[in-house]
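Please read the structure below before turning to the comments.
Please read all numbers here as calculations on a predicted model, not as lab measurements. Count residues from 1 along the sequence.
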Amino acid sequence: MSVTDLSLRQSGETTNPNLPILRQENVQMIVQSAPDAYNTNSLSSMRCSDYGKNLLAEIQQHGMSDDLDKRCAEYIDKAKRTLKAMNERRVPFTKLFDHWRLLKSVNAKLLNSVFMLVTRFSGLQTLSHFSNDYIG
């Protein structure tokens with residue numbers, strides 16, 4: 001299974017069926033593949049950019065010709081495919097960070113709800129009392 005085949009699973013067991021769930025082995029695979037994906041994307045980007053610069057230099061030096069026009073069209077097509085491949089290598093990392101942001105948001109809301117309940121029923125007025133008395 002490749003990293004690009006990994007996806008966030010949808011869980012029907014939660015109250016929110018759209019909440020993404022990541023399995024630990026998928027996270028490990030995504031994280032382990034990060035250096036290779038980064039290096040591959042960096043090399044692809046550099047080669048694509050260099051080839052485009054060379055085409056522009058050739059156009060400036062010799063002027064546009066039918067051959068150069070054809071090569072430019074091929075370059076644009078290949079650059080689009082390169083960008084698509086780079087995005088596909090990046091998607092697992094984006095999904096992973098989106099999942100972490102979601103968890104952080106859910107945890108912050110949960111902590112706020114717990115704090116509100118504790119302050120309502122215990123008469124605490126500040127978070128410092130809450131953290132000292134209830135968290136340690």
Side-chain angles (χ1 to χ4, degrees):
M1 176 188 305
S2 74
V3 174
T4 55
D5 294 332
L6 298 177
S7 62
L8 297 172
R9 294 185 305 139
Q10 301 297 321
S11 174
E13 300 170 6
T14 64
T15 57
N16 181 356
N18 296 321
L19 183 65
I21 305 294
L22 281 175
R23 295 188 356 237
Q24 182 177 354
E25 58 270 14
N26 291 355
V27 172
Q28 288 173 326
M29 184 182 271
I30 291 168
V31 171
Q32 289 172 348
S33 69
D36 184 51
Y38 174 80
N39 291 334
T40 302
N41 279 358
S42 293
L43 185 61
S44 293
S45 176
M46 185 176 56
R47 287 179 176 168
C48 186
S49 178
D50 288 346
Y51 191 83
K53 288 176 186 176
N54 289 338
L55 278 176
L56 286 174
E58 196 171 340
I59 291 168
Q60 289 175 347
Q61 186 177 14
H62 302 290
M64 184 56 87
S65 66
D66 288 342
D67 178 55
L68 274 173
D69 184 55
K70 180 180 174 186
R71 288 173 42 205
C72 286
E74 291 169 351
Y75 167 73
I76 291 170
D77 185 53
K78 190 170 182 177
K80 287 178 184 178
R81 288 192 310 255
T82 298
L83 183 59
K84 181 179 178 185
M86 290 171 62
N87 284 334
E88 287 172 356
R89 285 189 288 269
R90 178 195 51 79
V91 163
F93 306 104
T94 303
K95 286 184 179 181
L96 182 63
F97 289 122
D98 287 346
H99 181 75
W100 283 337
R101 269 194 298 267
L102 175 65
L103 287 178
K104 183 179 176 183
S105 172
V106 168
N107 287 340
K109 289 176 184 175
L110 179 61
L111 180 60
N112 187 45
S113 296
V114 169
F115 176 70
M116 295 301 285
L117 286 172
V118 169
T119 57
R120 173 179 274 172
F121 293 109
S122 69
L124 295 176
Q125 297 300 315
T126 65
L127 184 58
S128 62
H129 288 113
F130 174 72
S131 61
N132 291 337
D133 295 343
Y134 295 97
I135 297 177

_Less than 4.0 angstrom from a charged side-chain N to a carboxylate O is my criterion; do R71 and D67 meet it?_
yes
Out of curiosity, [X] [atom1] to [Y] [atom2], how far, rounded to the nearest 0.5 Å?
X	Y	atom1	atom2	result
L43	M46	CG	CE	5.0 Å
E58	M64	CD	CE	10.0 Å
S42	R47	OG	CZ	11.5 Å
Q60	L55	CD	CG	11.5 Å
N54	Y75	CG	OH	9.5 Å

Closest heavy-atom contact between [X] and [Y]?
X	Y	result
S44	R89	OG-NH2, 3.5 Å
G63	L68	O-CD1, 3.3 Å
F93	S33	CZ-OG, 3.7 Å

_Strictly distance-based, threshold 3.5 Å: is any side-chain N or O of T40 a donor or acceptor partner for the main-chain N or O of D36?_
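Side chain of T40 to backbone of D36, a donor-acceptor pair under 3.5 Å: yes, one is there.
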*asked:* One pair to check against salt bridge (Lys or Arg N to Asp or Glu O under 4.0 Å): D66 and K70. What are the steps and the verdict?
replied: CA-CA 6 Å; D66 288 342; K70 180 180 174 186; over 6 Å; no
*Is it the case that one hydrophobic cluster holds both M86 and V91, taking links as side-chain heavy atoms less than 4.5 Å apart, direct or via other members?*
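Different hydrophobic clusters.
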*Is there a chain of hydrophobic side chains (I, L, V, M, F, W, Y, each step under 4.5 Å between heavy atoms) that links Y51 to L56?*
no
*Verify the neighbour count for atom CZ of R90: are there more than 12 heavy atoms of other residues, nucleotides or ligands below 6.0 Å?*
yes
